[in-house]
Structure formats: structure tokens, C-alpha cells
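What follows is a single structure, written as C-alpha cells, with notes after it.
FYI, side chains are in, hydrogens and waters are out, and symmetry mates aren't considered; it's all heavy atoms of this structure.
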There are 2 protein chains.
Amino acid sequence: MLKQSDPLDVLFAALADPSRRSMIDRLSRGSASMSELAAPLDMSLPAVQQHLNVLAASGIVSTKKIGRVRSCSLEPEVLNQAQRWIAERRQIWADRLDRLGMFLQEPESQGENR
Amino acid sequence: MLKQSDPLDVLFAALADPSRRSMIDRLSRGSASMSELAAPLDMSLPAVQQHLNVLAASGIVSTKKIGRVRSCSLEPEVLNQAQRWIAERRQIWADRLDRLGMFLQEPESQGENR
DNA sequence: GCAATACTTAAGCACATGCTTAAGCAATCG
DNA sequence: CGATTGCTTAAGCATGTGCTTAAGTATTGC
């Protein structure tokens, strides 16, 4: 009852499944109904809906029911957050290597690494 | 027995846990031993090692045992693959919107979206 | 209205994940 | 050499995930 998790947990977990990534792939080419998403997926429709729920919970896709059809579309801004987290860590790493390089060139600096 | 999974499954799954992300965070600032990684983490050392195994299996970190200390360091190239997957999908989406824009401006094209 | 369509809900089950504790083992240190 | 340090292995367990089938509920077409 008391397990409120980081949005990034949910986001990366959503991306960790191949069926869900293929759904994102499909949606990146344009919005689709549930059964259109299900068609290539060799699993039951309830299973697809559960994957869709995971994607919706992460914010990666939004859905809207029109008549009896649920139309799903991608929210690329949310993907951006995942991308940004990764980019930041890679940047920190790169900066550190730069500083390390300077240290090796200019021995008056001190206390690098660890 | 025949469940060989996409590297991206493993990669994104590795990123989906907050403890593991904080380990990556730590390692982006420089390499560390297992107990240095464990120190801020309020869990047993075996638990930390299991997280480390997940990170190592994904390729995000590499480790090397020197004496009785295992030194861990980040492999940022692997993170790059995750970043690339996301960037590609966002690009496809953006391209599609561009084409859609052109379609709206130049009505001689046909068959966009649905 | 009646049937087909397009989802939706619910229950259940196999397996994976994220911990734990208890033992172990190899590399220093005194 | 014997004790401490730093990691490693193994087992067990609670909870979560990814499906399934069966039985709904609205919409829409005839």
C-alpha cells in the first residue's frame, strides 16, 4: 500500500518488454486501435491490453475511446525523460574523463577519481 | 530452455530499478568497489551483488577482481544503445508529423496516417 | 431488436525478481 | 599462523509479471 515508485522505474520497466517496444514501434508510425496493435503479436487480446495498461501508466502512450474503438497514440515527450536520464549519466562520465585528462597533462591539480 | 532475449530487454530492465540507477549514478563519477557501492544502499551486500550481476549481464558495468576487492566501472557505450533506440522512435514520430504537415500544406499527396 | 464487433473484467497460474540469512573462501594484516 | 576483511554462494521466501481462459459490457450494422 505504501510503494510509490519513481516515474523512471515505471518508464524503463515499460521499455524492458519486447512486445511493448514493438507496440511503441507501431505507434511511432501513427496511432492505432487495440486490435491493430494486437494483430502482429501472437497473444490474446487481454494480454495486449495489459501491456497497453503498462504503457499508459508510464505515460508513453495515451488512449481515448471513441465509440467501441480505443485509439492509442504515442506521447514522445515522456520517452524524452528516459533519454535525458541516460544522457546525463554519460555526460557526467565524459566530464570526469576530461578532468582526468587535464590532471594528467597539468600535474598541479590534485585529488582526482574515486 | 530456449528463451534468449533481446539485449535491449536486459538493458532496460537493468535501468528499471532505483537501486541500480543509483549504482550507475555512483559509477558515472568514477569506479568503485562493491562495498563502496553498497554503503549508501540500505540492503545486504549479497543483494547489492545481485544488482551488480544484473548490471554486468546487461553490459552497463564491467568488473575486475584485484586481490580481494572487486572494482566496478561504467561502460557508457552500452547505455548509448538504449539512448539510440529511444531516439530512433522519437525520430520516426517526428518525421511522420513533418510529412503530415506537408500533406496538409500540399494536397496533391495522399494516403497519410489513418 | 438481435447479432456481431471491440473491447473489458476477473480469476488463476507459472515463473521471475528482490530481498533475506547463513555459510563459505581467498587475500591481507599483526 | 590466526583473525579480519571483502566478497561469494546457496537456500528460501514474499511479491510481481506475463500470460491464459471465461464471462462480461457497450456500440454498431442489418
Identify which nucleotide among D:dC19, D:dA10, C:dT8 has an atom closest to any side-chain atom of A:Met43, counting heavy atoms from C-beta outward. D:dC19
Counting only side-chain nitrogens and oxygens, does A:Gln49 get under 4.0 Å of the OP1 or OP2 atom of C:dT8? yes
Mapping A:Pro46 and A:Arg20 to their closest nucleotides on DNA chain D, which lands nearer the 5' end? A:Arg20
Can you tell me if B:Lys65 touches the phosphate of D:dT8, counting only side-chain N or O atoms and a distance under 4.0 Å to OP1 or OP2? yes
Rounded interatomic separation in angstrom, taking CZ from B:Phe12 and P from D:dT17: 18 Å
Rounded distance in Å - CG (B:Asn53) to C1' (C:dC19): 14 Å
So, B:Arg20 side chain and B:Ala14 main chain: donor-acceptor pair closer than 3.5 Å or not? yes
Answer with yes or no whether the side chains of B:Gln49 and B:Asn53 bring together a donor and an acceptor at under 3.5 Å. no
Side chain of B:Ser35 - closest among D:dA22, D:dT9, D:dG6: D:dG6
Of C:dC19, D:dG18, D:dC7, the nucleotide closest to the side chain of B:Met34 is D:dC7
Is the backbone N or O of B:Trp85 less than 3.5 Å from a side-chain atom of B:Glu88, with the two atoms forming a donor-acceptor pair by type? no
Minimum side-chain heavy-atom gap A:Leu15-B:Leu8 below 4.5 Å: no
Counting side-chain heavy atoms from CB outward, which of C:dC7, D:dT9, D:dC7 is closest to B:Leu45? D:dC7
5' priority, DNA chain D, between B:Val69 and A:Gln50 [closest heavy atom]: B:Val69
Length of the CG-P vector between A:Leu52 and C:dA6, whole Å: 16 Å
Measure the distance from CG on A:Leu55 to P on D:dT17 and round it to the nearest whole Å. 14 Å
Look at the side-chain N and O atoms of A:Ser33 and state whether any lies under 4.0 Å from the OP1 or OP2 oxygen of C:dA6. no
Looking at B:His51, I'd like to know whether one of its side-chain N or O atoms comes within less than 4.0 Å of OP1 or OP2 on C:dT17. no
B:Trp93 six-ring centre to B:Arg90 NZ/CZ under 6.0 Å and within 45° of normal: no
Quickly work out the A:Asp17 CG to D:dG16 C1' distance and round it to whole Å. 14 Å
At under 4.0 Å, does any side-chain N or O of B:Arg68 touch on OP1 or OP2 of C:dC25? no
Counting any heavy atom closer than 4.0 Å, what does B:Ser44 reach on the DNA or RNA strands: base, sugar-phosphate only, or nothing? base
In whole angstrom, give the distance that lies between atom CZ of A:Arg70 and atom C1' of D:dT27. 14 Å
